[in-house]
2 protein chains.
Amino acid sequence: MEPIRVALVEDDPDIRQSFEAILADAPGFACVQAYDNAEDAVADLLKRPSPSGEGLGLGSPDVVIMDIHLPGMSGIDAVRLLKAEMPMLQIAMCTVYEDDEHIFNALRAGANGYLLKRTSPEKLLEAISDLYHGGSPMSSEIARRVVASFQKIAVPNPELATLTAREKEILDLLAKGYLYKEIAAELFISIETVKRHIHNIYEKLHVQTRTEALNKVFRMH
Amino acid sequence: MEPIRVALVEDDPDIRQSFEAILADAPGFACVQAYDNAEDAVADLLKRPSPSGEGLGLGSPDVVIMDIHLPGMSGIDAVRLLKAEMPMLQIAMCTVYEDDEHIFNALRAGANGYLLKRTSPEKLLEAISDLYHGGSPMSSEIARRVVASFQKIAVPNPELATLTAREKEILDLLAKGYLYKEIAAELFISIETVKRHIHNIYEKLHVQTRTEALNKVFRMH
DNA sequence: TGGACAATACAACAAACGGGGGATAGCGCA
DNA sequence: TGCGCTATCCCCCGTTTGTTGTATTGTCCA
């Protein structure tokens, strides 16, 4: 069985060599490239592009372990560039940063996993294998924040709760861009009633225009 | 050392007994409750509320493993109710569903982890331990979808790319709810120019009204 | 140097929006 | 029974939005 081909991007020589040693000792893994900066890594890895995203070039690694804090270009920008050209390449960040900003920017840029540097060698190898098989390994602190981010999304607006069912129904159509007369036709009521409802909605939400109302609705979604 | 106290909510007696057996055999784990439906589980677990969220009641489990498909109330609704009263209680879903809808609804409801039923006994125990220590265990297929959801958020609309810098600037103000005359004042141009720009924007986005334009802008943000 | 494009501006007009004042009818609850 | 809330409807009026014309200026590029 072919070993999993790994590339490292890490500026600290001690850490890089330590990772290389771990990979060299582990059966089934091979460190095929190691870079100490993002510019070299991007330039070199893009030399072996997958013709149309359906596979990786011959010399390409299967998995990239990318530091975030690097001299010059950041690891996050490197991920963005690499993923744009080689979407099948599996990349995991490996860094000391565990704040939401770094985590979410990295994932938005296209990173497939996010590990903390204090990850044990066994967990690191397990993560690389997981990546290779299409998983998204995360240190448990990271998973926790990612999961927590789903709960924060819904910030219930108390103003919205004061709307009646009919008002919510009309606000929903309003948000979709329906004209007053279209709402009236949809609900089989007169346009005057639509105006009255919308007037009441605006009063409850403390807004004057449709756009302000929409911003209140979208903000918590 | 005290064992981790686990409660199960699972309607299939075979699976429930199998989980109980796994927990009974594992040192450091104890199955303290098992329910075959969500109503009983919620009613019973809420009898031991944490006074103000800072801890769990004396008879409470540390960790709950919750099925989603149950007779009557769903496991997702049960999580919502339990988390509202006992936010410190750690709950992981354990189910066969691996579609985005179920995953994200469960996480939004407050679930701390999400496991698939085909998870091996070793991984299950590891997940329970991870939960107990504040992590968010996920099967790797689940982690993959959760991470992918961060990338999908930004679906670049090619129509938006055709807008000039000035048009984007005006669209931005338009989205914030500015009136035409306010945009004119903000940018030191005439209201007629604002109308012209907005007209051009609508043409490029293939919309007729402000609200339709906003929906195009918000959709990819 | 001519053409394409972006930004600016004006005019006239129709449609849509939003505020103000009413009014009626039903429904539940004190 | 009466009060409050909700949903429904009407009129008047000014403002805002969006369309359709036309036109000037500047820039960039072939």
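The sequence lines fix the lettering, A, B, ..., with proteins before strands; numbering per chain opens at 1.
- Looking at the side chain of A/Leu179, the nearest of the listed nucleotides C/dC17, D/dT17, D/dA7 is C/dC17.
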Please walk me through it: do B/Leu187 and B/Glu169 pass side chain to side chain contact (heavy atoms under 4.5 Å, CB included)? CA-CA 9 Å; B/Leu187 301 180; B/Glu169 195 177 4; 3.5 Å; yes

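- Both A/Ala165 and B/Arg210 lie close to DNA chain D; mapped to their nearest nucleotides by heavy-atom distance, the more 5′-ward contact belongs to A/Ala165.
- Between the CD1 atom of B/Ile189 and the P atom of C/dA6 there is a distance of 16 Å, given to the nearest Å.
- Put simply, CD on B/Glu192 is 11 Å from C1' on C/dT8, counting in whole angstrom units.
- By the neighbour-count criterion of 12 heavy atoms within 6.0 Å, atom CZ of B/Arg144 is sparsely surrounded, having that number or fewer from other residues, nucleotides or ligands.
- Dense packing is recorded around NZ of B/Lys168, with more than 12 heavy atoms of other residues, nucleotides or ligands lying under 6.0 Å away.
- Between B/His197 atom NE2 and C/dC10 atom P there is a gap of 13 Å when expressed in whole angstrom units.
- Note on A/Thr164: every side-chain N or O is 4.0 Å or more away from OP1 and OP2 of D/dC5.
- Under 4.0 Å is where a charged nitrogen must lie from a carboxylate oxygen, and between A/Lys176 and A/Asp172 at least one such pair does.
- Atom OH of A/Tyr178 and atom P of C/dC17 are 14 Å apart (whole Å).
- One finds a side-chain N or O of B/His199 lying less than 4.0 angstrom from the OP1 or OP2 phosphate oxygen of D/dT19.
- Among the heavy atoms of the strands lying under 4.0 Å from B/Thr193 is at least one base atom, whether or not backbone atoms are also near.
- Among the atoms of the strands shown, base atoms are found under 4.0 Å from some heavy atom of A/Arg196.
- Protein atom NZ of B/Lys195 is 13 Å distant from nucleotide atom P of C/dA14, rounded to whole Å.
- Between A/Tyr180 and the phosphate of C/dA15, there is no side-chain N or O to OP1/OP2 separation shorter than 4.0 Å.
- Side-chain N/O atoms of B/Ser190 include one lying less than 4.0 angstrom from OP1 or OP2 on C/dC10.
- When each of A/Gln208 and B/Phe188 is assigned the nucleotide of DNA chain C with its nearest heavy atom, B/Phe188 is the one assigned upstream, toward the 5' end.
- Atoms CD1 (A/Ile191) and C1' (D/dC10) sit 13 Å apart, rounded to a whole Å.
- Between the P atom of C/dG21 and the CG atom of A/Asn200 lies a distance of 14 Å, rounded to the nearest Å.
- The nearest whole Å value for the distance from the NE2 atom in A/His206 to the C1' atom in C/dG18 is 17 Å.
- Of the candidate nucleotides D/dT16, C/dG19, D/dA7, D/dT16 has the atom nearest to the side chain of B/Lys181.
- A salt bridge between B/Glu159 and B/Lys204 is absent, with no side-chain N of the basic residue lying under 4.0 Å from a carboxylate O of the acidic one.
- Toward the 5′ end of DNA chain D lies the nearest nucleotide of A/Ile170, the other residue of the pair A/Ile170 and B/Val207 mapping further downstream.
- Phosphate proximity of C/dC17 to A/Tyr202: absent, as no side-chain N or O sits under 4.0 Å from OP1 or OP2.
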